[in-house]
Amino acid sequence: MTIAAQPLEKTDAAFRGSPYDLATQVKGRLHRDDVRVVKTSEAMWVNAVERIRDEKDQEAFAALFRHFAPRVKAFLMKSGASPSLAEECTQEVMATLWHKAHMFDPARAGVATWIYTIARNRKIDALRKQRRPEPEDLPWGPEPEPDQADVMVLQQESEKLGEALAQLPQKQRELVEQAYFGDLSHSEIAAATGLPLGTIKSRIRLALERLRHELM
Amino acid sequence: MTEIKHHLTDELLMSYAAGNLPEAFNLVVATHISLCDECRARLGAFEALGGSVIDQVEGCAVSDECLTATLRLIEDGPTEEIRPQVTRQGILPAPLVDYIGGSLDDVKWRSLGMGVKQAILPTSKEASVRLLHIPGGTAMPDHGHNGMELTLVLQGAFQDDGDRFGPGDIEIADEALEHTPVAEPGQDCICLAATDAKLKFNAFLPKLAQPFFRI
């Protein structure tokens, strides 16, 4: 059986009824009606990563895989990878997710964001054949027990951002997508930066400031 | 550290978040973010947007064996080579230490005359990045650009067209700007500068010297 992102209802029967079943109902493209489902799914993805970290839970991994692997592959193909290279890289991205589950900090980024950064780094490495200079690590790692209120607010902000993207006029949304797939020149990108990023930005800044304060 | 007044643009942060900048620019962006929490938070927002884009993209079917193959890959253990943890060295944030392969003492400077020195760092060829050492009170050669130039101050300060750029500040210059940065008197100015095209020097001599110095 082929694992496809859409329609997701076709995932294997054994999977149905599992705690991750809800996620399989999330459509490839977000619409207004799906927002409630997505809210539930973000908390579930966080839980899935934690179960991989704590219990090496293969069922949780399979759920993440079914949702994200087809999307990671699409991202890599739209960035110029051949189908076979994209699939090979997708496997590496998803394996990295497993191995780095202990690095994931839900107070600082959503699961989709975290997977996105892993996929992006793989793209630079495998497609563009470059090293990626990374900013200095903050002097603190992920907190062992992140503040649940922080985690929830970040999830809400990520969802709001997702809604904002989904509700953009099609032309503008395509522009944003193209910016991430590498199809836009620098001057064209200026037109794609007009999204309301204010709230998530201040949320992340607040989290940074709090952590820095705690450290001192 | 003094307050950073000149930050990265949204375009640069978005392109960095998307992984579409030349390596030389990535290095300047990563170095600035190492010094600037404001831009680190803004980068976080653009990465979150990347997360939304990938979450909403129409997926591509993956083959039957893909999950099984991934689980096998996982059993083999992490493949990524473990790079030694690089830390900040004095005025040099970690990404820069990584590219220099050491501290400021390890930089292989080459003289450009007038006490100005540069060291080109190894990156992909779409753009180039260099460290510049400019004695206090000295002007950089008058130049314009064919493309974009990012200049990040690491030590000292320079003035350009009435603006002051101190440690952590980044100046973003494009083709339209013909400028003459002048290092402030006092402490020597050390900058990290990236260009995606050769600089156009206006004086006759530097133009001749250009092929030799790879400016």
Side-chain angles (χ1 to χ4, degrees), chain A residues 1-6 28-30 58 62 65 69-75 77 87 90-92 94-95 98-99 108-110 112-113 115-117 119-121 123-124 130-136 158 161-162 165-166 176-177 179-180 182 186 189-190 192-193 195 197 200-201 204-205 208, chain B residues 9-15 17-20 22-23 26-27 29-31 33-34 37-38 40-64 66-67 69-71 73-74 77-80 85 87-88 93-96 98-99 123-124 148:
Chain A
M1 193 199 74
T2 300
I3 299 165
Q6 217 174 7
R29 245 195 224 301
L30 189 69
Q58 292 205 356
F65 189 94
R71 289 169 168 81
V72 169
K73 185 180 175 186
F75 165 70
M77 282 181 63
E87 194 153 314
T90 299
Q91 292 176 15
E92 288 160 354
M94 297 309 289
W98 178 287
H99 292 305
R108 271 159 62 179
T113 301
I115 293 175
Y116 167 74
T117 57
R120 172 204 61 198
N121 291 356
K123 166 178 108 170
I124 295 172
Q130 291 182 10
R131 289 178 62 195
R132 159 110 179 156
E134 291 283 350
E136 213 163 80
S158 305
L161 183 62
L165 178 64
V176 173
E177 288 169 355
Y180 282 87
H186 188 75
I189 279 183
T193 54
L195 265 170
L197 293 172
I200 191 150
K201 187 176 77 188
I204 294 168
R205 180 168 40 223
L208 287 174
Chain B
T9 58
D10 281 348
E11 291 94 307
L12 279 166
L13 282 166
M14 193 181 200
S15 301
N20 294 329
E23 189 180 353
N26 276 342
L27 180 58
V29 171
T31 306
I33 289 168
S34 301
D37 280 356
E38 165 69 25
R40 192 188 283 271
R42 287 168 66 211
L43 173 67
F46 280 111
E47 288 181 336
L49 184 55
S52 294
V53 167
I54 211 167
D55 202 40
Q56 291 176 34
V57 79
E58 200 154 331
C60 269
V62 296
S63 69
D64 295 350
C66 201
L67 175 57
T70 306
L71 289 169
L73 201 61
I74 288 168
T79 47
E80 216 173 290
Q85 185 74 30
T87 52
R88 190 181 289 221
L96 209 44
D98 194 19
Y99 271 75
T123 58
S124 68
M148 195 191 344

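Note that the structure is a prediction, hence the values are computed from the model and not measured. Residue numbers begin at 1 in each chain, while the letters A, B, ... track the order of the sequences.
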Would you name the heavy atoms of [X] and [Y] that are closest together and state the gap between them?
X	Y	answer
Gly19(B)	Lys123(A)	O-CE, 3.9 Å
Leu73(B)	Ala95(A)	CD2-CB, 3.9 Å
Ser158(A)	Ser52(B)	O-OG, 4.2 Å
Ala18(B)	Ala179(A)	CB-O, 3.5 Å
Ala119(A)	Ile54(B)	CB-CD1, 4.4 Å
Ala74(A)	Val57(B)	CB-CG1, 4.1 Å

Part of Ile124(A) within contact of chain B (heavy atom distance under 4.5 Å):
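The side chain, not the backbone.
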Where on Glu92(A) is there a heavy atom nearer than 4.5 Å to chain B: the side chain, the backbone, both, or neither?
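Answer is both: backbone and side chain atoms of Glu92(A) are under 4.5 Å from chain B.
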Between [atom1] on residue [X] and [atom2] on residue [Y], distance to nearest 0.5 Å:
X	Y	atom1	atom2	value
Leu161(A)	Phe46(B)	CG	CZ	10.0 Å
Glu58(B)	Glu177(A)	CD	CD	10.0 Å
Leu165(A)	Asp55(B)	CG	CG	10.0 Å
Leu67(B)	Phe65(A)	CG	CZ	5.0 Å

Within the 4.5 Å heavy-atom criterion, are Thr70(B) and Trp98(A) side-chain neighbours or not?
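No, too far: nothing below the 4.5 Å cut-off.
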Below 4.5 Å from any heavy atom of chain A, which atoms of Leu71(B) appear? Answer side chain, backbone, both or neither.
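Just the side chain, heavy atoms under 4.5 Å.
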Please classify the contact of Thr31(B) with chain A as side chain, backbone, both or neither, using a heavy-atom distance under 4.5 Å.
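The answer is neither part of Thr31(B).
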Okay, side chain of [X], backbone of [Y]: is any donor-acceptor separation there less than 3.5 Å?
X	Y	answer
Gln130(A)	Glu23(B)	yes
Tyr180(A)	Leu49(B)	no
Glu136(A)	Ala94(B)	yes

Output the option from Arg120(A), Gln91(A), His99(A), Glu87(A) having the highest count of non-hydrogen pairs under 4.5 Å with chain B.
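Looking at each of Arg120(A), Gln91(A), His99(A), Glu87(A) in turn, His99(A) comes out on top.
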So which of Arg131(A), Lys73(A), Glu134(A) has the biggest tally of heavy-atom pairs under 4.5 Å with chain B?
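Counting heavy-atom pairs under 4.5 Å, the top option is Arg131(A).
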